[in-house]
Amino acid sequence: MLKNLFGQSRLARALQHNDLKLLLKSIKAGDDINRPLRLASESKDALERPPLEQALRLQQPESLQKLLEAGAKLPQRDAANQLLLTVAINSPEQALSLTSLLLDAGADPNADDGEPLFNCLNLSDDNQLLLLLNRLVQYGGNLNTHLRNGDSVLSRLLIAQRNMPIGALISAGAELPANLDQLNCNDELKQFARRKAQDLAIQRQLMGL
C-alpha cells in the first residue's frame, strides 16, 4: 500500500514539474499509469484525473507521448474520449501536437456525434482552426457530421461569417447545408459558398474525363 502511494506521488511529481526523467523512472518502476491522481498544485477537493488527462491539461506533449508509449489507455466511452480531444484542441500552445498524439493513439475524431470537430469552431484563429480540422479529417473525422439540432460544421461557420475557413472546408468536401437559404448570414456569403461548391463540382467532372 505504501509503495503504491509513493509510486503515485512520484508520478504526480513528474507531471507537476514536467520532469521527463522522473516520469520515465516512474514508468520503469511499474507505477500505475492509468490510476487517477491529484497534483500538489490542486486543492484537496479537486477531482483526481488519469495521468493522460493531467499531461494534456498541463500541455506536456512529451509526457503524453511517454505515457502512451508505456501503455496508458484511452477511455472507451465516447464522452470521455471526446473530453480528452477537447482539452487538446483548446490547448493555447500545444493544440496540434497534443491532438495528433491522441489521434495517433486511436482517439475517435467523431466521438460523441463529432463533438471534437465542432469544438474547433471555438478557436478564434482561422489558421489554427483549419490545421486542427485537417488533422481530425486525416484520422477519419467526418466534415459532414450533424449535431442533433441539424447543425453542421459548415453551417456554424456560415452563421459566424468566417469566410476563409468556409472556402477551405467546401474545397475539402464539406457539403452545403440543405437550409442554406434560411441561415442567418448575409447573401454575399451564401453566394460565395454556392460558387465554391459549383467550382469544386466542375473540377471533379473535369478530373473524371
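Both backbone and side-chain heavy atoms feed into the values below; hydrogens, waters and symmetry mates do not.
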Report the C-alpha distance between L98 and L102 in whole Å, list the side-chain angles of each, state the deciding distance to 0.1 Å, and finish with yes or no for side chain to side chain contact (heavy atoms under 4.5 Å, CB included).
CA-CA 6 Å; L98 292 171; L102 289 177; 5.8 Å; no
Might you work through the side chain to side chain contact (heavy atoms under 4.5 Å, CB included) test for L200 and Q203, ending with a clear yes or no?
CA-CA 5 Å; L200 182 62; Q203 291 173 13; 4.2 Å; yes
Residue pair N119, Q82: steps toward the side chain to side chain contact (heavy atoms under 4.5 Å, CB included) verdict:
CA-CA 10 Å; N119 284 328; Q82 177 262 322; 3.1 Å; yes
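In this structure, CG in L101 is found 8.5 Å from CD in E69, a value given to the nearest 0.5 Å. To the nearest 0.5 Å, the span separating CD1 on I33 from NZ on K73 amounts to 9.5 Å. Atoms CG and CD1, from L84 and I89 in turn, are 11.0 Å apart once rounded to the nearest 0.5 Å. We find the OG-CD distance between S91 and Q59 to be 3.5 Å, quoted to the nearest 0.5 Å. If you take CG on L20 and OG on S63, they are separated by 5.0 Å, rounding to the nearest 0.5 Å. Here the CG-CD distance, from L180 to Q191, works out to 10.0 Å after rounding to the nearest 0.5 Å.
For G141 against N110, the heavy-atom pair with the smallest separation is CA-OD1, 3.5 Å. Heavy-atom minimum distance, A111 versus N81: CB-CB, 4.3 Å. Shown here for P116 and L85, the closest heavy-atom pair between the two residues is CG-CD1, 3.7 Å. In terms of heavy-atom proximity, L68 sits nearest to A105 at CD2-CB, 3.9 Å. Taking every heavy atom of both residues into account, T145 and G114 meet most closely at CG2-CA, 4.2 Å. Between P50 and N34, the shortest heavy-atom distance links the atoms CB-O, 4.3 Å.
In this structure D19 satisfies the salt bridge (charged side-chain N to carboxylate O under 4.0 Å, His left out) test with no other residue, sequence neighbours excluded. Residues meeting the side-chain hydrogen bond (donor to acceptor under 3.5 Å, both in side chains) test with S97, sequence neighbours left out: Q94. Qualifying side chain to side chain contact (heavy atoms under 4.5 Å, CB included) partners for L189, counting only residues two or more places apart in sequence or in other chains: L158, Q161, N163, I166, C185, N186, F192. Take A46 and apply the side chain to side chain contact (heavy atoms under 4.5 Å, CB included) test, not counting sequence neighbours, and it matches R38, E42, S43. Considering only residues two or more places apart in sequence or on other chains, D151 meets the side chain to side chain contact (heavy atoms under 4.5 Å, CB included) condition with L147, N149, S155, R156. With sequence neighbours left out, S124 forms a side chain to side chain contact (heavy atoms under 4.5 Å, CB included) with no residue at all. Legend: residues meeting side-chain hydrogen bond (donor to acceptor under 3.5 Å, both in side chains) with E48, ordered by chain and number and at least two apart, are absent.
L58 and L11 fall within the same hydrophobic cluster, defined by Ile, Leu, Val, Met, Phe, Trp and Tyr side-chain heavy atoms under 4.5 Å apart, directly or through other members. Both L83 and L15 sit in one connected hydrophobic cluster of ILVMFWY residues. Membership requires side-chain heavy atoms under 4.5 Å apart, directly or through other members. The hydrophobic cluster containing L22 does not contain L52, counting ILVMFWY residues as joined when their side-chain heavy atoms lie under 4.5 angstrom apart, directly or transitively.
Not a single donor-acceptor pair under 3.5 Å links the side chain of N179 to the backbone N or O of G150. No donor-acceptor distance shorter than 3.5 angstrom exists from the side chain of K25 to the backbone of A14, with no hydrogens or angles considered.
For the salt bridge (charged side-chain N to carboxylate O under 4.0 Å, His left out) condition, the pairs that include at least one residue of residues 90-117, sequence neighbours left out, are D113-R148. Listed by first and then second residue, the salt bridge (charged side-chain N to carboxylate O under 4.0 Å, His left out) pairs involving residues 50-63 are R49-E53, E53-R57 (not counting sequence neighbours). Evaluation of the salt bridge (charged side-chain N to carboxylate O under 4.0 Å, His left out) test over residues 168-185, restricted to residues two or more places apart or in two chains, returns D181-R194. Residues in residues 163-172 take part in no salt bridge (charged side-chain N to carboxylate O under 4.0 Å, His left out) pair, two or more places apart or across chains.
The local environment of CG in N184 is sparse, with at most 12 non-hydrogen atoms from other residues, nucleotides or ligands closer than 6.0 Å. The environment of CD in Q182 is crowded: more than 12 heavy-atom neighbours from other residues, nucleotides or ligands sit within 6.0 Å.
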With a 3.5 Å cut-off and sequence neighbours excluded, list the donor-acceptor pairs that the side chains of residues 128-138 form with protein atoms.
from: R135; atom 1: NE; to: Q138; atom 2: OE1; distance (Å): 3.0
from: R135; atom 1: NH1; to: S100; atom 2: OG; distance (Å): 2.4

